[in-house]
Amino acid sequence: MSEQEKMNQDVSAEETKTPAAKEPKPAKAKKEKSNKDKKSGFGKRMGRFFRELKAELKKVAWPSKADTMKKTGIVIVCVIIVGIIVWIFDGIASAVIDALLSLFGQ
């Protein structure tokens, strides 16, 4: 079978597909309110918030001190390098502007 015939078969297969052939979306289940979802006092809600916050923070994979120091050093070096690049560009731009102003008699 030639490549042209293969392409024609692919095109005809795509044309036979209709958008109506999509499966219908399942009906959304209604959420039933549990005892937790019912509105309770402000103090109870804040207490639950902090208990859940503490539980989530226990799950966090905290970096080691060495890892933190290493990444902090990388950030400081990158900031210094970018600062030097901006300083050089500023010096060049300032020199070009001064040269243009002196050239045109300002």
Side-chain angles (χ1 to χ4, degrees):
M1 190 180 286
S2 70
E3 288 187 37
Q4 184 65 29
E5 291 172 343
K6 287 179 184 178
M7 289 176 38
N8 288 340
Q9 280 183 343
D10 291 340
V11 171
S12 64
E14 289 177 9
E15 289 174 355
T16 58
K17 293 179 184 177
T18 60
K22 290 183 181 177
E23 294 180 21
K25 292 182 181 178
K28 291 184 181 178
K30 292 183 180 178
K31 289 186 179 180
E32 294 182 20
K33 288 191 175 185
S34 65
N35 290 337
K36 280 188 174 181
D37 292 340
K38 291 182 181 174
K39 194 157 190 164
S40 58
F42 179 75
K44 288 183 180 181
R45 286 185 285 154
M46 290 302 294
R48 187 177 73 217
F49 170 76
F50 283 111
R51 278 192 306 275
E52 291 175 1
L53 177 68
K54 184 178 177 182
E56 288 297 321
L57 286 175
K58 286 182 180 179
K59 297 177 187 177
V60 173
W62 296 100
S64 66
K65 183 176 180 179
D67 193 34
T68 303
M69 296 300 288
K70 181 179 169 183
K71 291 180 181 179
T72 301
I74 291 171
V75 168
I76 290 171
V77 168
C78 289
V79 167
I80 290 172
I81 290 171
V82 169
I84 291 170
I85 291 170
V86 169
W87 178 57
I88 291 170
F89 177 75
D90 183 51
I92 292 170
S94 178
V96 168
I97 290 173
D98 287 342
L100 288 174
L101 289 175
S102 65
L103 183 67
F104 292 109
Q106 291 275 339

### Single-linkage hydrophobic cluster Ile88~Val96, side-chain heavy atoms < 4.5 angstrom
yes
### Task
Starting from Leu53, walk the hydrophobic network (Ile, Leu, Val, Met, Phe, Trp, Tyr; side-chain heavy atoms closer than 4.5 Å) and list everyone else you reach, by chain and number.
Phe42, Met46, Phe49, Phe50, Leu57, Val60, Trp62
When the side chains of residues 64-84 are checked against the rest of the protein, which donor-acceptor pairs come out under 3.5 Å, sequence neighbours left out?
| from | atom 1 | to | atom 2 | distance (Å) |
| --- | --- | --- | --- | --- |
| Ser64 | OG | Asp67 | N | 3.2 |
| Thr68 | OG1 | Ser64 | O | 2.9 |
| Thr72 | OG1 | Thr68 | O | 2.7 |

### Under the side chain to side chain donor-acceptor pair (under 3.5 Å) test, residues paired with Lys59 that sit two or more places apart
Glu56
### Message
Test: side chain to side chain donor-acceptor pair (under 3.5 Å). Region: residues 79-94. Which pairs qualify, not counting sequence neighbours?
### Response
none
